[in-house]
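For reference, the structure discussed in these notes is given below.
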Protein chains: 2
Amino acid sequence: MLTNRSSSRMTRPAEDSAPNAEDVAQLAELLVRTSRRLRRSSMAELGPMGLTGAQARVVRYLVAVGHPARMADIAAALEVVPRTATSVVDDLEAAKLVARATDPRDRRSVLVSLTDEGVLLLDRIAQARRRTAEATFSALSPKQRGELTRLLTVCCGPNERCGSGGPQPRPAHSRRGH
Amino acid sequence: MLTNRSSSRMTRPAEDSAPNAEDVAQLAELLVRTSRRLRRSSMAELGPMGLTGAQARVVRYLVAVGHPARMADIAAALEVVPRTATSVVDDLEAAKLVARATDPRDRRSVLVSLTDEGVLLLDRIAQARRRTAEATFSALSPKQRGELTRLLTVCCGPNERCGSGGPQPRPAHSRRGH
DNA sequence: TATTGTTATACTCTATAACTATA
DNA sequence: TATAGTTATAGAGTATAACAATA
């Protein structure tokens with residue numbers, strides 16, 4: 001009976017700007033569940049063609065912005081730390097779907113480009129993506145899907161280029177040493 | 001220029017019930033990004049107290065339904081395969097936050113209950129959860145949060161007890177052998 | 001010195017398969 | 001035979017830290 005979600009009405013000690021703290025926590029839980037279903041569906045669709053979700057996102061990014069793309073830009077687009085992008089590109093390179101090259105202008109940079117074989121996958125990826133999304137959002141009407149997209153865009157920024165996003169590699173180590 | 005999101009208007013071959021296939025795929029991408037941010041925020045909040053997201057969800061489930069709870073019910077609530085629930089409970093048990101016991105009525109079953117130490121964590125978990133949700137949905141107004149919750153509930157079912165959810169351990173292996 | 005990417009390592013979450021104990 | 005949970009194994013995804021090459 002510690003926090004037995006009382007009336008959730010008189011709990012506003014003027015310290016937090018949340019008008020209904022319990023609701024926003026429930027929202028987080030719902031999002032976790034929805035995203036888990038989406039991931040499962042995505043694996044079921046992409047797995048048989050030998051791709052993972054992150055790999056498919058890299059391929060789509062390369063198409064969207066036009067390859068070659070720098071490794072750092074891929075990491076930013078995926079909102080991950082550079083090391084993670086390296087891993088994903090490693091796997092794609094092993095599958096001969098992308099190729100690495102050194103940028104002649106800045107030889108520290110790595111340019112990643114799609115191979116012909118990688119380009120051939122585009123249609124199948126797009127189809128898998130549609131099926132995944134359909135499976136996850138089938139209970140929503142088109143209008144509701146539009147509304148959901150709008151709301152997520154508000155809290156996450158437009159499709160590419162995410163505002164406060166980024167992997168935010170914690171400033172030092174946030175509070176481990178208490 | 002293969003699928004350069006043309007007018008997205010004449011692509012309705014009457015085979016798919018999606019009136020706007022590209023939009024629903026974009027919706028999936030947005031959800032992936034939002035959930036990644038939520039997970040990062042969750043790790044940042046829970047990590048310092050030695051908990052992971054899945055562990056915190058188990059603790060919250062035990063409180064919500066009243067412990068002890070059977071392992072199979074925990075797995076169903078988390079929408080994971082039984083093996084995953086075992087892993088998470090293993091870690092919680094190692095941290096002395098939960099305890100296992102054999103159900104005397106069906107000695108195959110395992111009953112999981114919170115320890116006193118586990119109960120003491122509840123407030124801190126709730127606070128971390130609020131901060132996580134706030135960080136992720138800060139750009140949304142209370143009204144928008146309510147709308148988002150409603151939409152996700154439609155496509156994911158109410159909070160506990162998820163309709164078509166479940167880990168759906170693929171029927172044999174779905175289409176590996178083509 | 002600062003930046004780009006990497007090697008090295010570790011951990012969370014999740015899955016399939018085979019097995020044990022019980023029903 | 002069917003069910004509940006486990007051991008064993010694997011792999012996706014991601015992170016920090018130390019380092020190399022380059023700027």
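Chain naming here is simple, since letters A, B, ... match the order of the sequence lines and numbering starts at 1 in each.
If you measure from atom CZ of B:R107 to atom C1' of C:dA23, you get 11 Å, rounded to the nearest angstrom. Distance, A:I74 CD1 to D:dT14 P: 14 Å, rounded to whole Å. As a whole-Å value, the separation of A:D103 CG from D:dT22 C1' is 12 Å. Atom CZ of A:R40 and atom P of C:dT14 are 9 Å apart (whole Å). For the pair A:D90 CG and C:dT6 P, the interatomic distance rounds to 7 Å; values are reported in whole Å. Atom CD in A:E93 sits about 14 Å away from atom P in C:dG5, given to the nearest Å. For the pair A:D73 CG and C:dT4 P, the interatomic distance rounds to 10 Å; values are reported in whole Å.
Closest approach of A:L46 to A:A128, counting heavy atoms only: CD2-CB, 3.9 Å. For B:R36 against A:L78, the heavy-atom pair with the smallest separation is NH1-O, 2.8 Å. Residue B:L62 comes nearest to B:A69 through the heavy atom pair CD2-CB, 3.7 Å, listed as atom of the first residue, atom of the second, then distance.
Side chain of A:T84, nearest nucleotide from C:dT22, D:dG5, D:dT14: D:dT14. Nearest to the side-chain atoms of A:S109 among the listed nucleotides C:dG5, D:dT6, D:dT22 stands C:dG5.
Residue-to-nucleotide proximity on DNA chain C shows that, of A:R70 and A:R36, the 5′-proximal contact is made by A:R70.
Using a 4.0 Å cut-off between charged nitrogen and carboxylate oxygen, B:E117 and B:K96 do not count as a salt-bridge pair. Contact check on A:R129 versus A:E45 returns no salt bridge, with no Lys/Arg side-chain nitrogen under 4.0 Å from an Asp/Glu carboxylate oxygen. We find that B:R131 and B:E134 are not joined by a salt bridge, their nearest charged nitrogen and carboxylate oxygen being 4.0 Å or further apart. Using a 4.0 Å cut-off between charged nitrogen and carboxylate oxygen, A:R60 and B:E29 count as a salt-bridge pair.
Contacts of A:R57 with the nucleic acid, taken as non-hydrogen atoms under 4.0 Å apart, are absent.
Within the 4.0 Å cut-off from OP1 or OP2 of C:dA23, not a single side-chain nitrogen or oxygen of B:R105 is found. Proximity of B:T86 to the phosphate of D:dT6: a side-chain N or O atom is located under 4.0 Å from OP1 or OP2. In this structure, B:R39 does not reach the D:dG13 phosphate: none of its side-chain N or O atoms is under 4.0 Å from OP1 or OP2.
Annotation: side chain to side chain contact (heavy atoms under 4.5 Å, CB included) contacts of B:T34 (sequence neighbours excluded): A:L31, A:L152, A:C155, A:C156, B:T136, B:F137.
In the interface, the side chain of A:R108 is paired with the base of C:dT3 through a donor and an acceptor atom under 3.5 Å apart.
Inspection of the A:S87 and A:R83 side chains reveals an N or O donor paired with an N or O acceptor under 3.5 Å. Checked by atom type, the side-chain pair A:R107/A:T102 shows no donor-acceptor distance below 3.5 Å.
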Within the sub-3.5 Å range, which N or O atoms of nucleotides 8-12 of chain D have a protein N or O partner, and how far apart are they?
unit_1 : atom_1 : unit_2 : atom_2 : d
D:dA8  : N6     : B:R83  : NE     : 3.0

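Rounded to 10°, the angle separating the first-five-pair axis and the last-five-pair axis of the helix from C:dG5-D:dC19 to C:dA23-D:dT1 equals 10°.
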